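What you see is a predicted model, and the numbers here were worked out from it, not measured in a lab. Naming convention: chains lettered A, B, ... in sequence-line order (proteins, then strands); numbering from 1 in each chain.
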Amino acid sequence: MNSVQPIIQIENVHKRFGKVHALRGVTLSVQRGEVLVLIGPSGSGKSTLLRCINGLEHVDSGQVIVDDIPVTQSAKNINAVRAEVGIVFQQFNLFPHLTVLQNITLAQRVIRKRSAAESEEVAQRLLAKVGIPEKADAYPAQLSGGQQQRVAIARALAMNPKIMLFDEPTSALDPEMIKEVLDAMLVLAKEGMTMVVVSHEMGFARAAANRIVFMDEGTLIEDTTPAQLYTNPREERTRQFLSKILH
Amino acid sequence: MPDFGSRAVSLPPARTGRALPVNLERVPWWIIILILAGVLAALVIFTSPDYTSIITLLGSGIYLTLYVTFLAYFLALIFGLIAGLMRVSRNPILYTISTLYVEVIRGIPLLVQILYFFYVIAPFFADGFSKGIAITLPNVFTGETLFSATLRSEELAELFRSEVNEGIIALAIGYGAYLAEVYRAGIEAIPRGQMEAARSLGMSYIQAMRYVILPQAIRIILPPLGNDFVSMLKDSALTSAISVKELTLWTRQRSANTFRPLEHWTIAALLYLVMTLGLSLIVRYLERKFAIPK
């Protein structure tokens with residue numbers, strides 16, 4: 001495997017939803033081990049871009065290549081990519097009919113064909129890592145939002161992904177639960193996980209991100225480092241946006 | 001899922017100082033009346049030799065009613081699941097076939113469906129299997145025959161000659177269309193994020209349906225499934241029209257032979273009531289047992 005080759009390559013991607021032109025020729029690449037934070041006003045296409053990486057949205061033109069596999073309509077390719085790419089959603093999307101442990105073991109058993117004992121061991125280890133080992137037998141509805149989101153992170157990690165995507169992971173949380181989720185993400189970033197994070201959590205961006213990308217109206221406006229972005233953004237639009245979110 | 005637990009509203013303390021220890025408006029009076037009526041009916045039935053003999057004689061009708069109901073419902077659950085999955089499928093062919101099935105069946109009275117199956121469809125298959133049905137699979141492009149066989153089986157033909165089987169299959173086809181819509185509604189009630197989460201973990205559409213969507217959908221649709229089960233028990237009486245000797249036909253024959261319609265039909269009605277109430281209780285128990293812990 002070529003380590004210089006970017007693990008995610010997005011080339012001139014366009015995406016339309018009916019009349020809305022959500023992505024207008026986006027080109028972006030992410031290196032192994034990089035932590036990239038995507039920011040931008042709502043409707044700027046950042047979640048759509050993220051969802052194109054694991055094929056939850058199909059691109060209209062251009063291409064997305066993840067770990068040398070093109071993310072096309074082919075079901076085989078998409079499933080191959082998805083097994084390597086974990087995603088954490090704004091609404092957690094835990095499976096409410098399964099316990100926390102079963103949520104984490106299900107895909108390991110069905111997709112990775114691990115034994116019950118092995119997948120449970122992995123699940124317990126990951127629950128300890130995200131700080132809630134005692135919740136293995138609880139059902140999602142019995143957990144707080146922050147705990148649910150940490151289970152969602154553990155569920156994605158159980159597949160040993162090479163890339164983790166986060167789609168506004170703290171936006172649906174009460175303020176006092178945001179930190180516990182960000183802490184779990186920070187640990188991952190420190191371990192060298194490749195991460196693409198859609199989030200306006202500037203504290204996280206400052207602490208963990210190598211790169212920060214500002215998007216507006218379906219295009220990339222600025223691609224820089226967090227330090228550079230906060231102290232001296234190049235573009236006027238970035239400036240305006242930052243003045244609205246940093247108060 | 002949003003967490004509302006932290007903002008739970010505290011309810012005012014329950015009012016005390018009532019004259020009665022129970023709230024009279026909350027007592028399920030209908031159950032008490034039913035139980036009293038049941039006890040009264042049981043007393044009458046078991047003290048009168050006439051009623052006792054009627055109930056014993058109608059017993060074999062009950063057996064057939066339950067047999068037809070359970071088997072037809074089991075088949076309807078399978079037909080409904082298949083048609084329901086086809087209804088939510090994005091494949092236009094599967095969607096069209098299942099929609100045709102659902103719309104056609106739901107537009108025809110169940111009694112007419114049963115008679116149609118008995119007089120038209122079943123004889124067609126019975127004759128066909130008895131004489132042999134030729135199956136050929138032509139190559140669409142060249143016209144040459146790829147596969148050819150004649151399916152001939154007296155056992156299969158016999159299957160379509162028994163009126164009990166015919167009644168079961170006709171009921172199952174009829175109810176399958178209604179259950180398909182129940183399944184569809186249940187699947188569509190599951191938030192889209194569930195499918196996305198399952199697919200994102202690398203599951204195929206079928207795996208996601210099996211492990212994530214259907215287990216949740218079935219819990220949601222247990223009450224309507226239970227209602228249809230009870231309806232099926234009542235509609236099994238329609239098979240008396242094609243001479244299935246279940247409870248209704250049995251009662252009709254016995255009451256005609258003995259010139260005692262009042263006693264026979266009263267007993268038949270009571271027996272149906274006991275069976276439907278019993279099934280309702282089982283369904284409620286299942287709902288509670290499979291509820292997702294909150």
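Between the side chains of A/Asp167 and A/Ser47, at least one donor-acceptor pair of N or O atoms lies under 3.5 Å.
Checked by atom type and distance alone, the side chain of B/Gln194 pairs as donor or acceptor with a backbone atom of A/Leu94 at under 3.5 Å. Looking at B/Tyr183, its side chain does come within 3.5 Å of a backbone N or O of B/Leu77 through a donor-acceptor pair. B/Arg199 places a side-chain N or O within 3.5 Å of a backbone atom of B/Met203 that can act as its donor or acceptor partner.
For a residue to count as touching a neighbouring chain, one of its non-hydrogen atoms must lie under 4.5 Å from one of that chain's; by this rule B/Ala291 does not touch chain A. For A/Arg51, the part lying near chain B is the side chain, with the backbone staying farther off; criterion is any non-hydrogen pair under 4.5 Å. At a 4.5 Å heavy-atom cutoff, the contact between A/Phe95 and chain B is made by backbone and side-chain atoms alike. With a threshold of 4.5 angstrom between heavy atoms, A/Val81 does not approach chain B through any atom at all. Within the 4.5 angstrom heavy-atom criterion, no atom of B/Arg210 approaches chain A.
Ranked by heavy-atom pairs under 4.5 Å with chain A, the first of B/Ala197, B/Ser200, B/Pro191, B/Gly193 is B/Ser200. Chosen from A/Asn54, A/Ile87, A/Val110, A/Val85, the residue pairing most often with chain B at heavy-atom distances under 4.5 Å is A/Val110. Counting heavy-atom pairs closer than 4.5 Å to chain A, the top-ranked of the candidates B/Phe290, B/Tyr211, B/Tyr205 is B/Tyr211. Comparing B/Arg219, B/Glu196, B/Gln207 by heavy-atom pairs within less than 4.5 Å of chain A, the highest count is held by B/Glu196.
Rounded to the nearest 0.5 Å, atoms CG (A/Leu182) and CD (A/Glu201) are 5.0 Å apart.
Annotation: salt bridge (charged side-chain N to carboxylate O under 4.0 Å, His left out) contacts of A/Asp60 (sequence neighbours excluded): none.
For B/Val230 against B/Ser280, the heavy-atom pair with the smallest separation is CG2-OG, 3.9 Å.
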